[in-house]
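Each chain gets a letter, A, B and so on, in the order its sequence line appears, and its residues count up from 1. These numbers come from the heavy atoms of this one structure, side chains and all, not from hydrogens, waters or symmetry mates.
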Protein chains: 2
Amino acid sequence: MTEATNSGAATFPAKRGRGERSSPTIYDIAKLAGVNPSTVSRALSKPGRVSAKTQKIIEDAAEQLNYQVNPFARALPTGRTQTIGLIVADITNPTFFDIIRGAETTGSARDYTLVLAESAESPETELIAARRMLSTVDGLILASPRMDDEKIRVLAADKPVVVINREIEGVPCVVPDVNKGISQAVRSLAANGHQQLAYVAGPPQSWMSRRRWEGVQAACDWYKLEAVRLESSKPTVDGGRQIARDVLASGATAVITYNDLLAIGLMQELQAAGVHVPDQISIVGFDDIFGADFTTPALTTVRSPLGECGSRAAGLLLDMLLGNDGPEGAVRVDTELVVRGSSGRLIA
Amino acid sequence: MTEATNSGAATFPAKRGRGERSSPTIYDIAKLAGVNPSTVSRALSKPGRVSAKTQKIIEDAAEQLNYQVNPFARALPTGRTQTIGLIVADITNPTFFDIIRGAETTGSARDYTLVLAESAESPETELIAARRMLSTVDGLILASPRMDDEKIRVLAADKPVVVINREIEGVPCVVPDVNKGISQAVRSLAANGHQQLAYVAGPPQSWMSRRRWEGVQAACDWYKLEAVRLESSKPTVDGGRQIARDVLASGATAVITYNDLLAIGLMQELQAAGVHVPDQISIVGFDDIFGADFTTPALTTVRSPLGECGSRAAGLLLDMLLGNDGPEGAVRVDTELVVRGSSGRLIA
DNA sequence: AGCAGTCTGTCAACCGGTTGCCAACTATTG
DNA sequence: CAATAGTTGGCAACCGGTTGACAGACTGCT
């Protein structure tokens, strides 16, 4: 190769969008420290592989040049990117705010950067986003995914994946354990004299909505309440308003909704219709989202520790990246009833 | 090189965390299509550089192999990463939810990925996060930055930066133009018989809080109201509760707060103290955050189109990445008064 | 047919780190 | 003092795309 043509000389372009001075590389450090670039690389990433003396010299040089690794150059040969991806079904939905926050916080505490995408509730968009991300992140968190189990398993076979708010056999999951919270809610309602309860369901394809309904049924069985299930058109404030007439028609005096948004809409509409909450109807929401205590009366709700879910999921993921196996079954985080003003004794 | 030692043979490790099959490269495509890798590269990224025929062959081969570019490999020589960074002061704060959403949406519409970080309201953390990000993204959006102008200018000299919610000479900014909304608010209050107005300020270092106070003063001058400024301890619901006694003491019958959170807390506390809103005191918030209409009465507020800010900022950034210059002055988006139940005629 | 001008594909260098292998050097021990 | 074991640093290949330079093919024109 020494005697090769070398005709081209290929002067590479300056690049660097602006501010011409490109950042220092390990080659610069090597020159300054009088060692080989590979030694610099080792000193900076493999503690103990080089002698303390050389280590010091190199670190000083790096300091002096204000060196920062180029993450892309590092990612190329190793595949490690120091980023984790998070895909949420709907950025608009406050449920996910806490999840995002939790994931970002524990991620950045361990020097990982969070990459965010949303699927707009569409299984297809979700899959596309997931695939696109998978090549650029070390691991992926799916919050309330909409695609089918099998697709998620395929993704999980490729890189570490953690799912929030859904249980999938063979994939690490973090799910709020709804039973405790629901049980508290139903007991509290029963104690307040309620006998007829309505559950306002969420999207039909939602795993979590089914789960909550099962929980409600079980608890109502136990506490001897009658439970009916009503279908909302969409899991939003507006959907809550629309379901109000069905709720009244059902004759139930207590309502548990799939989420807080539905509860808030429902309460607004009932109040507008002159129904008093909680004297005539008690309302219990789900999740304890931001703003659940802004209402009058403030919303009683089953709190899902969403922030903790995000943070636990990120923690799990990072552990898996360290080579540990994912947990056996799903990780369950406790839910609990937060009693506020929207539920109480029935005043006939 | 042919006669070289070749002793090493350097068998590179398999890598790929799991699922051994690594993804196809342009070399695989080249082999399949019977052309040179560089031709593949050109076909895939430089439309028109290769003949239509070859183009077709290569595209088919890529399709068949289910090829995806390796973003790191591409980023290394070019510096382009197809990602934009967003740093917010506080992920907890709902003000930023819409900004995040706006930025994510327009970003991903143009095939850019959003990378998110938060500064926890600390100028130092912010700077560190910004620096760390800057090396891995094509451009950066700073929402309500807390560090000083000069530092931001330095960052902006390196890569395109857009600032939201603050004006900095020489850096592209997107700011809500508060005057219109404030003017509407004060006019409405004046029309309802109010003569004494209090402004509850936000964090002292907040550029936006000062701006809003100036706007309030100007509008009060014009509409002949008296305005006093009160200092909140923190811009949260809790801070709003704490300021209630000062508000009452001030004798003002109308209040405009630095943000909705303060307004909500203030209203809760006043109502708890038996003060009727809006009959005795009118309250106007700022931003129209998620949940501002959950309260009873629903909150009257000056809406800042936060989602639009995020989306405009991302748009601006992407344009700058295309080589266009940033806008001359700051981009202003209109604010407007949203009248709901918390403001109205004074009933003495 | 001869020749300039245009297209198109190939070659090879390069981005900036990482790492397997080896050789030189140092320290330990018989 | 020599032989052996353990360290440490250097060499060079490699990750996967990008791009300037260039040569061969092809076109059109005289």
Side-chain angles (χ1 to χ4, degrees), chain A residues 1-2 4-16 22-31 33-55 57-58 62 65 67-82 135-136, chain B residues 1 4-16 22-31 33-58 62 65 67-82 135-136:
Chain A
M1 164 209 284
T2 51
T5 58
N6 194 37
S7 54
T11 44
F12 230 60
K15 95 185 78 61
R16 299 295 153 213
S22 75
S23 46
T25 71
I26 56 168
Y27 296 90
D28 299 325
I29 298 181
K31 213 181 299 170
V35 298
N36 189 285
S38 59
T39 305
V40 176
S41 172
R42 289 205 177 89
L44 265 30
S45 51
K46 295 246 158 53
R49 180 56 173 72
V50 302
S51 70
K53 196 164 56 100
T54 327
Q55 178 89 27
I57 297 176
I58 290 175
L65 291 175
Y67 171 78
Q68 290 193 180
V69 290
N70 178 326
F72 302 106
R74 172 172 283 176
L76 193 46
T78 62
R80 280 178 263 121
T81 69
Q82 294 287 319
S135 60
T136 70
Chain B
M1 168 205 288
T5 59
N6 195 37
S7 54
T11 41
F12 230 59
K15 97 185 73 64
R16 300 294 154 209
S22 75
S23 46
T25 71
I26 55 169
Y27 295 89
D28 299 325
I29 299 181
K31 212 182 300 171
V35 297
N36 190 285
S38 57
T39 305
V40 176
S41 172
R42 291 213 169 84
L44 264 30
S45 52
K46 294 248 156 54
R49 180 56 173 70
V50 302
S51 70
K53 197 165 58 98
T54 326
Q55 177 90 26
K56 179 82 171 63
I57 296 175
I58 290 174
L65 292 175
Y67 170 78
Q68 291 193 179
V69 290
N70 178 326
F72 302 106
R74 172 173 284 176
L76 193 46
T78 62
R80 279 177 264 123
T81 69
Q82 294 286 319
S135 61
T136 71

First encountered from the 5' end of DNA chain D, between Arg74(B) and Tyr27(A): Tyr27(A)

Find the distance [X]:[atom1] to [N]:[atom2] and express it as a whole number of Å.
X	N	atom1	atom2	answer
Gln68(A)	dG16(C)	CD	C1'	14 Å
Lys31(B)	dG17(D)	NZ	P	13 Å
Leu76(A)	dC14(C)	CG	P	17 Å
Asp28(A)	dG16(C)	CG	C1'	10 Å
Ile26(B)	dC14(C)	CD1	C1'	13 Å
Gln82(B)	dG16(D)	CD	P	20 Å

Would you mind telling me which of [options] lies closest to the side-chain atoms of [X]?
X	options	result
Thr78(B)	dG17(C), dT18(D), dT18(C)	dT18(D)
Asn36(B)	dT10(C), dG9(D), dT18(C)	dT10(C)
Asn70(A)	dG17(C), dT18(C), dG17(D)	dG17(C)
Val35(B)	dG10(D), dG16(C), dT10(C)	dT10(C)

Inter-residue atom distance Tyr67(B).OH - Ile58(B).CD1, 0.5 Å rounding: 11.5 Å

Roughly how far, to the nearest 0.5 Å, is CD1 of Ile26(B) from CG of Asn36(B)? 8.5 Å

Determine whether any donor atom in the side chain of Arg42(B) lies under 3.5 Å from an acceptor atom in the base of dT10(C), or the reverse, and answer yes or no. yes

Which residues pass the side-chain hydrogen bond (donor to acceptor under 3.5 Å, both in side chains) test with [X], not counting sequence neighbours?
X	answer
Thr39(A)	none
Gln82(A)	none
Ser41(A)	none

Specify the residue among Lys53(B) and Ser45(A) whose closest nucleotide of DNA chain C lies further upstream toward the 5′ end. Lys53(B)

Look at the side-chain N and O atoms of [X] and state whether any lies under 4.0 Å from the OP1 or OP2 oxygen of [N].
X	N	result
Lys46(A)	dT18(C)	no
Ser38(B)	dT10(C)	no
Tyr67(A)	dG17(C)	yes
Ser41(B)	dG17(D)	no

When all nucleic acid strands are considered with a 4.0 Å heavy-atom cut-off, which category describes Phe72(B): base, sugar-phosphate, or nothing? nothing

Inter- and intrachain pairs under side-chain hydrogen bond (donor to acceptor under 3.5 Å, both in side chains), touching residues 42-52 of chain A, at least two apart: Ser51(A)-Thr54(A)

Any N/O pairs under 3.5 Å between the protein and nucleotides 6-8 of chain C? List them or say none.
none

Contact check, side chains of Thr81(A) and Thr136(A), non-hydrogen atoms, under 4.5 Å: no

Residues in salt bridge (Lys or Arg N to Asp or Glu O under 4.0 Å) contact with Lys56(B), at least two apart in sequence or another chain: Asp60(B)

